[in-house]
Amino acid sequence: MKKIEAVIKPFKLDEVKDALHEIGLKGITVTEAKGFGRQKGHTELYRGAEYVVDFLPKVKIEIVLEDNMLERAVEAIRQAAHTGRIGDGKIFVSTIEEAIRIRTGETGAEAI
């Protein structure tokens, strides 16, 4: 099993969710997040005062899936989240040792 963590722009969430649904993924976890990478924030003007916004709004998507779905899921996220501008986000993939469904006690692929 693999875990995908993707940090994307918030306005791309619906497109990513739809793309994942189209390839047959059943569930995702979404968390509102703030952060920055190379773009390092930006300066805004509020009531005549300038201030720096270091942490930009992002959305973090987490998906645990079977190994055979990994490439399709990563490509679906990459295409749906792409704008071509700085700050599009990142995708991280890691290995999951075990998954357990609390309600039924199912383990492994049956639990996801």
Side-chain angles (χ1 to χ4, degrees):
M1 292 178 292
K2 300 290 186 194
K3 179 179 184 179
I4 297 173
E5 293 178 78
V7 180
I8 64 169
K9 292 181 175 185
F11 67 88
K12 286 298 209 170
L13 178 59
D14 286 337
E15 290 175 51
V16 170
K17 182 186 68 149
D18 292 344
L20 291 170
H21 181 72
E22 283 179 25
I23 65 165
L25 279 174
K26 297 173 188 154
I28 65 173
T29 300
V30 176
T31 308
E32 289 184 21
K34 292 183 183 242
F36 67 90
R38 289 184 182 161
Q39 66 199 104
K40 298 197 177 49
H42 61 275
T43 303
E44 287 190 3
L45 195 62
Y46 179 72
R47 294 190 176 182
E50 238 183 54
Y51 66 100
V52 176
V53 178
D54 289 333
F55 294 100
L56 301 171
K58 300 289 181 181
V59 172
K60 181 179 179 182
I61 299 170
E62 296 175 84
I63 308 160
V64 176
L65 41 68
E66 295 183 58
D67 291 351
N68 61 355
M69 293 285 293
L70 179 65
E71 286 184 37
R72 286 187 288 162
V74 167
E75 189 59 23
I77 294 168
R78 196 188 66 72
Q79 287 182 1
H82 181 267
T83 66
R85 294 190 305 267
I86 194 164
D88 272 355
K90 298 262 186 336
I91 300 172
F92 304 100
V93 178
S94 55
T95 302
I96 296 295
E97 297 281 327
E98 183 65 89
I100 303 158
R101 186 184 307 269
I102 295 172
R103 180 176 55 86
T104 62
E106 293 170 300
T107 61
E110 292 83 35
I112 57 173

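If you chain together hydrophobic residues whose side chains sit under 4.5 Å apart, Ile4 and Leu25 fall into the same group. Using a 4.5 Å cut-off between side-chain heavy atoms of Ile, Leu, Val, Met, Phe, Trp and Tyr, with links allowed through other members, Val16 and Val59 fall into the same hydrophobic cluster.
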Side-chain atoms of residues 90-98: list all donor-acceptor pairs with protein atoms under 3.5 Å, sequence neighbours left out, distances to 0.1 Å.
from: Thr95; atom 1: OG1; to: Lys2; atom 2: NZ; distance (Å): 3.2
from: Glu98; atom 1: OE2; to: Gly108; atom 2: N; distance (Å): 3.0

Distance-only donor-acceptor hits, side chain of residues 60-74, under 3.5 Å, sequence neighbours excluded:
from: Lys60; atom 1: NZ; to: Glu5; atom 2: OE1; distance (Å): 2.9
from: Glu62; atom 1: OE1; to: Lys3; atom 2: NZ; distance (Å): 2.9
from: Asp67; atom 1: OD1; to: Met1; atom 2: N; distance (Å): 3.2

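A donor-acceptor contact shorter than 3.5 Å is absent between the side chain of Lys12 and the backbone of Ile77. Listed for the Asp88 side chain is no donor-acceptor partner under 3.5 Å among the backbone atoms of His82.
When all heavy atoms are compared, the tightest approach of Ala19 to Ala80 is CB-CB, 3.9 Å. For the pair Ala99 and Ala111, the tightest heavy-atom approach, listed with the atom from each and the gap, is O-CB, 3.6 Å.
When hydrophobic side chains of Ile, Leu, Val, Met, Phe, Trp and Tyr are connected at separations under 4.5 Å, Ile102 ends up as a singleton with no cluster partners.
Separation of atoms CD1 (Ile100) and CD1 (Ile112) is listed at 13.0 Å; rounding is to 0.5 Å.
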